[in-house]
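Comments concern the structure below.
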Number of protein chains: 2
Amino acid sequence: MGELRILLVDDHPVVRAGLRAMLTEFEDFSVAAEAADGDAALRELARLRTLGERVDVVLMDLQMGAGMDGVTATAAIRKLESPPPVLILTTYDTEADILAAVEAGASGYMLKDAPPEQIRQAVLSAAAGQTALAPKVAALLMSRISSPETALTTREVQLLELLATGLTNRAIARRLFISEATVKTHLVHIYGKLGVDNRTSAIALATQRRIIRTPGQ
Amino acid sequence: MGELRILLVDDHPVVRAGLRAMLTEFEDFSVAAEAADGDAALRELARLRTLGERVDVVLMDLQMGAGMDGVTATAAIRKLESPPPVLILTTYDTEADILAAVEAGASGYMLKDAPPEQIRQAVLSAAAGQTALAPKVAALLMSRISSPETALTTREVQLLELLATGLTNRAIARRLFISEATVKTHLVHIYGKLGVDNRTSAIALATQRRIIRTPGQ
DNA sequence: GTACGGATCAACCAAAAGGTTGACCGCCCC
DNA sequence: GGGGCGGTCAACCTTTTGGTTGATCCGTAC
C-alpha cells in the first residue's frame with residue numbers, strides 16, 4: 001500500500017520531533033502533518049482531505065496544554081466519513097484516560113515510555129485496522145471488567161467533588177441539604193470502594209483515576 | 001570552543017529522539033550520550049570522563065518512571081568536581097518542582113512545550129554558565145521573592161506534597177524522619193500562610209495556585 | 001555577638017473525622 | 001410483592017487532626 005501517512009497530534013514540539021525522527025528513520029512512514037491540539041488536528045485532517053491526501057493513522061496525545069483535548073478530538077475524528085484509525089500515545093495509564101479513549105473510538109493505547117520498536121509496531125497494527133494496546137493497558141482493562149462492583153454512585157462522586165474543594169462534613173451536609181450522619185455514611189462507602197481510609201487519600205486516588213477533576217477546579 | 005556536547009536524560013525514548021533531532025539539526029550541538037534515569041546519567045557521565053570526553057550541558061527531565069529522579073540526579077551531578085551545568089527540561093511548572101530543582105543546583109528550568117528555538121537558546125545559555133528560565137518560571141520566582149512573608153518554605157512545600165498523596169501526620173513524620181509534633185507545627189504554619197484551617201482545603205488551594213501538582217503525582 | 005527565622009520537639013485540649021451498628025424509605029426489577 | 005440498592009438518619013466510640021504555648025538548636029544577616 002506504499003508508505004504510511006501519519007498525522008501527529010501532540011502539544012510538545014519536542015515530542016513531535018521525536019516521533020517524526022523515530023518513525024521515518026527505518027520504516028516506510030511519512031508524516032502527513034502535525035498539530036498541537038485537537039482543533040488543529042481536525043483542521044489539518046480537513047485540509048489534507050481537500051487536497052486529496054491520504055492519512056493512514058492519527059497518532060494522538062491525550063493531554064494538551066490548551067485547545068481541544070485528545071479524547072474529544074478522537075471522538076470527533078471517528079465521526080468523520082471513513083475515519084482514519086486513531087492511536088493514542090500518551091504518558092499516563094490511568095483507568096479513566098484509557099476508558100475514555102476506548103469509548104471515544106481509539107484503535108490503540110500506547111505509552112510514551114515504550115521502546116521505538118513497540119511504537120512502530122503499534123502504528124502498523126493501527127493502520128492495518130487492528131488494535132494495539134500496551135501490556136499495562138491490556139492488563140488494566142482485563143482487571144476492570146472483572147470487578148465492576150467498585151464503581152461509585154453519582155451521589156458518591158458528587159460528595160467526592162465537594163470533598164476535594166476542602167469542605168468539612170458539616171459544610172457538605174449543608175450544601176446538599178442532608179445530615180452530617182449521611183455524609184459520613186457516604187464517605188465510609190466511598191472509602192470502602194476506593195480502598196482508602198481517609199479523605200485526602202480518597203481525593204488523591206479519585207484525582208489520579210480522573211473520577212473527579214483536580215481540586216479547587 | 002567547538003561543538004557543544006550534551007547528555008540527554010529522559011525516560012521517554014520519544015523525547016530523547018526529539019531532543020536529539022531538534023538540537024543537532026541546525027546548531028553545532030552533538031549528543032554525547034543518553035540516559036533513561038538518574039542512575040544511568042551518572043554512569044554515563046563517569047564513563048565519558050574516563051574516556052576523556054567532554055560534556056558541556058546535561059539536559060535533564062525531572063519525572064522518571066523508575067530509577068533515580070531528576071532532582072536527586074542533579075544534586076549528585078553538581079557534587080562532582082567541575083560539574084557540567086544541568087538544564088532542567090520538564091513538563092510541569094509547579095513551585096515544588098522548580099524550588100527543588102533550583103535547590104539541587106540546576107542552571108535553568110525550561111518547559112517541554114517551549115518552541116525549539118527557546119530550548120536551543122537555553123542550552124547555549126547553560127553551556128555559557130548563564131541561567132536560563134522559562135518566562136513562567138521566572139515570574140514565579142520573582143513573585144516569591146517580592147512577597148516572602150506569605151511564601152511557603154521549601155520544607156513546608158515538601159510537606160504539602162506528601163499531604164496531597166493522602167498520608168496521615170504519622171506517616172509523613174516517618175517518611176521525613178521527624179516527629180509527629182513537628183509535622184503538626186508545619187501544618188499549622190502552612191494553614192496560616194494559605195488562610196485555611198484543614199488539610200483538604202490546603203491541598204485544594206495549593207493545587208489551584210500551582211504550588212503543588214495534582215495529588216497522587 | 002546577637003537578633004532572626006527555619007526546623008525541630010513536647011504537652012495539652014478541643015474539634016473533626018473515622019468506624020460500627022442498626023434502621024427507614026422509595027424505587028426498580030423480576 | 002418481595003428483594004436489592006441507593007439514599008437517608010441516629011447513637012456511640014475511637015482515632016486523627018487542629019490550635020496553642022513554649023522551648024531548643026542552628027545557621028545567616030547585620
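The salt bridge (Lys or Arg N to Asp or Glu O under 4.0 Å) contacts involving residues 99-117 of chain B comprise B:Asp10-B:Lys112, B:Asp61-B:Lys112, B:Glu117-B:Arg120, where partners must be two or more places apart or lie in separate chains. Applying the salt bridge (Lys or Arg N to Asp or Glu O under 4.0 Å) test to every pair with at least one member in residues 174-186 of chain B, sequence neighbours left out, gives these pairs: B:Arg170-B:Glu180.
For the pair A:His189 NE2 and D:dG4 C1', the interatomic distance rounds to 14 Å; values are reported in whole Å. C:dG6 atom P lies 13 Å from atom CD of B:Glu103, rounded to whole Å. Distance A:Ile190 CD1 to D:dT8 P: 12 Å, rounded to the nearest Å. At whole-Å resolution of the value, CD in B:Glu156 and P in C:dG5 are 13 Å apart. Rounded to a whole Å, the CG atom of B:Leu159 is 15 Å from the P atom of C:dG6.
Comparing the start and finish of the helix from C:dG1-D:dC30 to C:dC30-D:dG1, five pairs each, the helix axis swings through 50°, to the nearest 10 degrees.
Residues that satisfy the side chain to side chain donor-acceptor pair (under 3.5 Å) test with A:Asn169, not counting sequence neighbours, are A:Arg199. Checked against side chain to side chain donor-acceptor pair (under 3.5 Å), A:Ser179 has the following partners two or more places apart in sequence or in another chain: A:Thr182. Not counting sequence neighbours, the partners of B:Asp39 by the side chain to side chain contact (heavy atoms under 4.5 Å, CB included) test are B:Asp37, B:Arg43, B:Met68. Here A:Ala202 pairs with A:Leu160, A:Tyr191, A:Leu194, A:Val196 under the side chain to side chain contact (heavy atoms under 4.5 Å, CB included) rule; sequence neighbours left out. A search for side chain to side chain contact (heavy atoms under 4.5 Å, CB included) contacts involving B:Ala36 returns B:Arg16, not counting sequence neighbours. B:Arg49 meets the side chain to side chain donor-acceptor pair (under 3.5 Å) test with no other residue; sequence neighbours excluded.
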Nucleic acid footprint by protein, nucleotides 18-30 of chain C - heavy-atom cut-off 4.0 Å, B for base, S for sugar-phosphate alone:
BBB----------

Let's go through B:Thr72 and B:Asp69 carefully: what are the C-alpha distance in whole Å and the side-chain angles of both, what is the deciding distance for side-chain contact (heavy atoms from CB on, under 4.5 Å) to 0.1 Å, and is it a yes or a no?
CA-CA 6 Å; B:Thr72 311; B:Asp69 70 281; 2.5 Å; yes

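Counting all heavy atoms, side chain and backbone alike, B:Ala132 lies closest to B:Met110 at O-SD, 4.4 Å. Nearest heavy atoms, B:Gln63 versus B:Thr91: OE1-N, 4.4 Å.
Residues of residues 171-180 of chain B having a heavy atom closer than 4.0 Å to DNA chain C, listed by number: B:Ile178, B:Ser179.
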Using nucleotides 26-30 of chain D, report all nitrogen or oxygen pairs with the protein that are shorter than 3.5 Å.
none

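Between B:His186 and the phosphate of C:dT8, there is a side-chain N or O to OP1/OP2 separation shorter than 4.0 Å. The phosphate of D:dC9 (OP1 or OP2) has a side-chain N or O of A:Thr182 nearer than 4.0 angstrom. For C:dA17, neither phosphate oxygen OP1 nor OP2 lies less than 4.0 angstrom from any side-chain nitrogen or oxygen of A:Arg170.
Using a cutoff of 4.0 Å between basic side-chain nitrogens and carboxylate oxygens, B:Lys193 and B:Glu156 are scored as salt-bridged.
Between the side chain of B:Arg5 and the backbone N or O of B:Arg54, at least one donor-acceptor pair lies under 3.5 Å.
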